Number of protein chains: 2
Amino acid sequence: MEKQTAEEYLELAELFKLFGDGTRIRILSALRSGEKCVCDIADELDMNKSAISHQLKSLKMANMVKSRRDGQNIYYSLSDAHVQSIINIGLEHIREGKEER
Amino acid sequence: MEKQTAEEYLELAELFKLFGDGTRIRILSALRSGEKCVCDIADELDMNKSAISHQLKSLKMANMVKSRRDGQNIYYSLSDAHVQSIINIGLEHIREGKEER
DNA sequence: TGAATTGTTGAACAACTGTTCAACTGTTCA
DNA sequence: TGAACAGTTGAACAGTTGTTCAACAATTCA
């Protein structure tokens, strides 16, 4: 385990902050089954496009999703496997927590 | 990959929210080298005991840390390996992001 | 006992954050 | 061209959150 700098801790917190919101984590989970346009995600989460777009912007700035335009639609997808890994371990933690009770 | 419920997403978000704060992630990182009392952590992070105690309470409620009293001191430690795993993968994500630039 | 130390608690304040709304850009197609 | 659709943006508002402060509880030890 390497030594972490104070700067790296702050970056870590910024990364996890993005996972720590119900809307954003549902967006990320929706994208686990493949790329989707803003419209699709908005329908799936029953929210307006503006709210989704704002959150996608945050996720994109953190390199958590990527996008490509195809005509009128802009398709978003997960940008790397770490996003899936973090979600999976989080789920493990929650499920083990329940077993212990 | 199992199907997740809406309830489980909210729990996930609550879990990650705790990682998404500079103070809390520094506390968790401080505990990676072994158990420490509130006083030690407060010194290490240069913050007062009250602020640390408030955050430790949140972390404990989420089963992320556990505690034991020894005389006047209450020693906190990480409660399971998932906490370490999540931090490690987060660091990987950040470091790979930098390589790509 | 009582002073000193460690830690917890709840209220209050300031700072931050997510959603909404309205206005806007970009693309398609008739 | 211009109407229709998809998406983005910035301002504003309400709700949430982290820290501080003062008061309190628990333990030790002289």
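A, B, ... follow the sequence lines: proteins, then strands. Residue 1 opens every chain. Small disclaimer: the values here were computed from a predicted structure and weren't measured.
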All N/O pairs under 3.5 Å across the protein-nucleotides 22-29 of chain C interface:
unit_1	atom_1	unit_2	atom_2	d
C/dT27	O2	A/Q72	NE2	3.3

### Message
Return the NZ to CD1 distance between A/K36 and A/I27, rounded to the nearest 0.5 Å.
### Response
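One gets 11.0 Å once the value is rounded to the nearest 0.5 Å.
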
### Query
Between B/K60 (side chain) and B/S67 (backbone), is there a donor-acceptor pair under 3.5 Å?
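No; judged by distance alone, with no hydrogens or angles, the pair does not exist.
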
Atom-pair distance ([atom1] on [X]; [atom2] on [N]), nearest Å:
X	N	atom1	atom2	value
B/I74	C/dT5	CD1	C1'	12 Å
B/K49	C/dA4	NZ	C1'	11 Å
B/I52	C/dT9	CD1	P	15 Å

### Task
Classify the nucleic acid contact of A/Y75 as base, sugar-phosphate or nothing, counting any heavy atom under 4.0 Å across all strands shown.
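Since no nucleic acid heavy atom lies under 4.0 Å of A/Y75, the category is nothing.
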
### Query
Is B/K17 touching bases, backbone alone, or none of the nucleic acid, heavy atoms closer than 4.0 Å?
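Sugar-phosphate contact only.
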
### Query
Which is the 5'-most and which the 3'-most nucleotide of DNA chain D that has an atom under 4.0 Å from a heavy atom of chain B?
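Footprint of chain B along DNA chain D, 5' to 3': D/dT17 to D/dT28.
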
### Query
Does a side-chain heavy-atom distance below 4.5 Å link B/L12 with A/F19?
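Result no, sub-4.5 Å side-chain heavy-atom pair not found.
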
### Query
Can you tell if the side chain of B/R26 reaches within under 4.5 Å of the side chain of B/E44, non-hydrogen atoms only?
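Answer no - side chains too far apart.
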
### Message
Run through DNA chain C and report every stem of 3 or more consecutive Watson-Crick or G-U pairs, distances under 3.5 Å, ordered by first number.
### Response
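Stems found: C:1-30 with D:1-30.
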
### Query
Phosphate oxygens OP1/OP2 of C/dT6: is one of them under 4.0 Å from a side-chain N or O of B/Y76?
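For C/dT6, neither OP1 nor OP2 has a side-chain N or O of B/Y76 closer than 4.0 Å.
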
